[in-house]
Amino acid sequence: MSPLQRIRRSLGWKLFLSYVLIVIVAVVVLAGTANFHTSTALNRHIVEMQAALLQGTDTAANLDASLHAAINEIIGVAGLVAILVAVIVSVFTVRRIVTPLQALIAGSQHIAGGEYHQRVHVASQDEVGALAQAFNQMAEALEQTDRRRLELIGNVAHELRTPLSSIRGTMEGLVDGVLPPDSATFLGVQHEVARLQRLVHDLEELSRAEAGQIPLNRRSVDARVLIVPAVERLKSQFEDKGVALSVDVPLSLPAVWADPGRVTQVLLNLLGNALQYTPPGGQVSVRAWCEDQEMLVAVQDTGLGIAPEHLPHIFERFYRVDKSRSRAGGGSGIGLTISRHLVEAHSGRMWAASPGTGQGSTFTFSLPLAS
Ligand code: ADP
């Protein structure tokens with residue numbers, strides 16, 4: 001970094017140099033004004049001296065007094081001009097330093113008032129410029145959080161509307177006598193109530209996961225102990241639908257450091273999705289292997305697949321590729337969001353891949369090894 005760049009990036013250097021500049025300007029102006037005014041002042045006092053000589057008054061005393069007066073006048077005038085110029089230069093340099101700080105104060109007041117779109121424009125490259133940049137990053141993060149909050153409220157309202165409208169419609173039908181009070185009608189209501197309960201449960205999980213408040217009971221646990229029970233739990237549902245389910249978890253895999261309950265929850269979500277989005281006759285496989293001090297678990301299906309434009313959003317809350325299909329299956333669109341949070345709470349990663357629509361998809365996550 002060149003000395004000039006170093007000065008540009010350091011407020012300390014800028015302050016130091018501005019003081020030096022003010023001192024230099026004051027000295028130069030002082031010297032210049034003194035030089036300029038000397039002959040005028042001395043000439044006037046020589047004339048006064050000559051007048052005193054002609055009148056025959058005390059020559060030595062007059063000479064001395066006149067010289068002192070001339071010097072005082074020179075110092076006075078030069079000093080005044082130097083102070084004036086130093087004040088002007090100081091105002092200019094102080095303004096250059098204070099203006100960005102005032103912009104930051106105004107910006108933070110706007111942010112405090114909820115105007116998260118506010119940004120400050122500071123061109124300097126020093127610490128104040130860095131502070132402005134950090135401020136803008138903070139404003140951006142707050143704006144995003146606020147946008148997500150509003151989206152969440154909108155999404156929750158939307159998710160609640162469908163089952164509530166359905167329940168209300170059924171109730172009105174029952175009251176008006178349009179619908180028969182039989183078990184099919186009540187089962188429909190029960191189904192919608194169950195969906196609402198699931199949504200509320202998922203939302204609670206989501207808020208706790210996003211706040212990092214899901215307690216993890218981590219311990220050293222064998223990969224098969226993690227994976228096989230989850231597969232067993234859904235086995236009959238796969239059989240009922242006619243989707244083949246295979247498991248490939250080598251016995252030699254080292255233990256992982258994980259909360260078995262939470263990993264089972266992630267696996268059930270991935271396997272449940274694979275089952276839901278794979279038509280009868282398809283295949284789902286669960287594979288686990290070791291790579292770079294991590295255990296990787298992949299759930300692969302030969303189902304609907306995911307188009308490339310949807311893949312980057314698949315872990316966002318309430319994101320569904322096919323809204324009606326997911327909703328009909330009881331999906332709230334937040335299962336994957338929760339799963340990714342759970343994996344990340346284990347210091348792992350989770351991602352999805354798909355060659356395209358109709359070509360199946362693979363969801364993979366990693367867990368740290370116990371060692
Ligand atoms: P949902 O409860 O709606 O299934 P998820 O968060 O689990 O919510 O999944 C989000 C969306 O991702 C689903 O609505 C679906 O569109 C898509 N998706 C998830 N898993 C699969 C899969 N195995 N195959 C195809 N699409 C999937």
Side-chain angles (χ1 to χ4, degrees), residues 148 151-152 154-163 191-192 194-210 214 227 230-231 233-234 237-238 241-247 262-287 296-345 349-365:
R148 283 210 295 270
E151 267 172 25
L152 180 66
N155 282 326
V156 171
H158 184 76
E159 294 301 323
L160 291 174
R161 195 176 301 126
T162 316
H191 176 78
E192 295 301 339
R195 189 203 284 202
L196 281 174
Q197 270 182 329
R198 223 174 9 247
L199 176 65
V200 171
H201 173 262
D202 283 356
L203 282 170
E204 275 172 354
E205 280 279 289
L206 178 69
S207 75
R208 282 198 295 151
E210 292 201 336
I214 291 192
I227 298 169
V231 173
R233 264 168 75 173
L234 293 182
Q237 293 183 33
F238 276 82
K241 193 176 174 183
V243 176
L245 177 60
S246 64
V247 187
R262 293 301 178 183
V263 177
T264 303
Q265 187 180 343
V266 172
L267 273 166
L268 288 177
N269 173 236
L270 296 184
L271 284 168
N273 281 348
L275 176 65
Q276 186 180 349
Y277 300 111
T278 305
Q283 287 177 2
V284 173
S285 68
V286 185
R287 225 157 46 83
L296 295 171
V297 183
V299 177
Q300 187 169 14
D301 65 62
T302 58
L304 300 183
I306 302 161
E309 67 268 24
H310 294 296
L311 265 180
H313 307 289
I314 210 84
F315 293 99
E316 289 171 12
R317 349 162 160 125
F318 298 106
Y319 194 86
R320 299 171 171 120
V321 176
D322 182 341
K323 296 187 174 35
S324 53
R325 189 193 292 265
S326 162
R327 212 171 264 139
S332 58
I334 44 183
L336 284 178
T337 318
I338 296 171
S339 290
R340 187 185 246 183
H341 275 294
L342 289 177
V343 169
E344 285 173 353
R349 298 162 291 130
M350 188 180 210
W351 65 97
S354 172
T357 315
Q359 299 179 63
S361 29
T362 308
F363 287 80
T364 313
F365 64 93

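Read the numbers this way: they start at 1 and go in the same order the structure lists the ligands and their atoms.
- Screening Glu151, Glu210, Glu159 for a salt bridge (Lys or Arg N to Asp or Glu O under 4.0 Å) involving Arg317 leaves a single residue, Glu210.
- For the residues Val284, Ile306, Asn273, Asp301, the heavy atom positioned nearest atom 7 (O) of ligand 1 is part of Asn273.
- When all heavy atoms of Ile338 and Asp202 are compared, the pair lying nearest together is CD1-O, 3.4 Å.
- Residue contacts with ligand 1, taken as heavy atom pairs separated by less than 4.0 Å, involve Phe363 solely via side-chain atoms from C-beta onward.
- Residues Ser339 and Asn269 come closest through the heavy atom pair OG-OD1, 2.9 Å.
- Near Gly305, meaning under 4.0 Å from one of its heavy atoms, ligand 1 places the atoms 25 (C).
- No hydrogens or angles considered: a donor-acceptor pair under 3.5 Å links the side chains of Gln265 and Glu205.
- In this structure Val200 satisfies the side-chain contact (heavy atoms from CB on, under 4.5 Å) test together with Glu204, sequence neighbours excluded.
- Residue contact annotation: Gly360 has no non-hydrogen atom under 4.0 Å from ligand 1.
- The side chain of Asn269, and not its backbone, has at least one atom closer than 4.0 Å to an atom of ligand 1 (non-hydrogen atoms only; side chain from C-beta on).
- The heavy atom nearest to atom 12 (O) of ligand 1, considering only Leu304, Ile314, Val299, Ile334, is found in Ile314.
- Short contacts between ligand 1 and Val321, defined as distances under 4.0 Å to a heavy atom of the residue, involve ligand atoms 16 (O).
- When atom types are taken as modelled, the side chain of Asp301 and the backbone of Ser361 share a donor-acceptor pair closer than 3.5 angstrom.
- Atom numbering of ligand 1 starts at 1 in the shown order; those under 4.0 Å from a heavy atom of Gly333 are 1 (P), 2 (O), 3 (O), 6 (O), 8 (O).
- Taking 4.5 Å as the limit, every side-chain heavy atom of Ile306 sits out of range of all side-chain heavy atoms of Thr357.
- Of the listed options Tyr319, Phe318, Tyr277, Tyr277 places a heavy atom closest to atom 25 (C) of ligand 1.
- Counting only non-hydrogen atoms, the option in Ala352, Ala274, Ser361, Ala307 that gets closest to atom 22 (C) of ligand 1 is Ser361.
- Of all the atoms in ligand 1, the ones that sit under 4.0 Å from a non-hydrogen atom of Leu336 are 5 (P), 6 (O), 7 (O), 9 (O), 10 (C), 12 (O), 19 (C).
- Thr302 places a side-chain N or O within 3.5 Å of a backbone atom of Gln283 that can act as its donor or acceptor partner.
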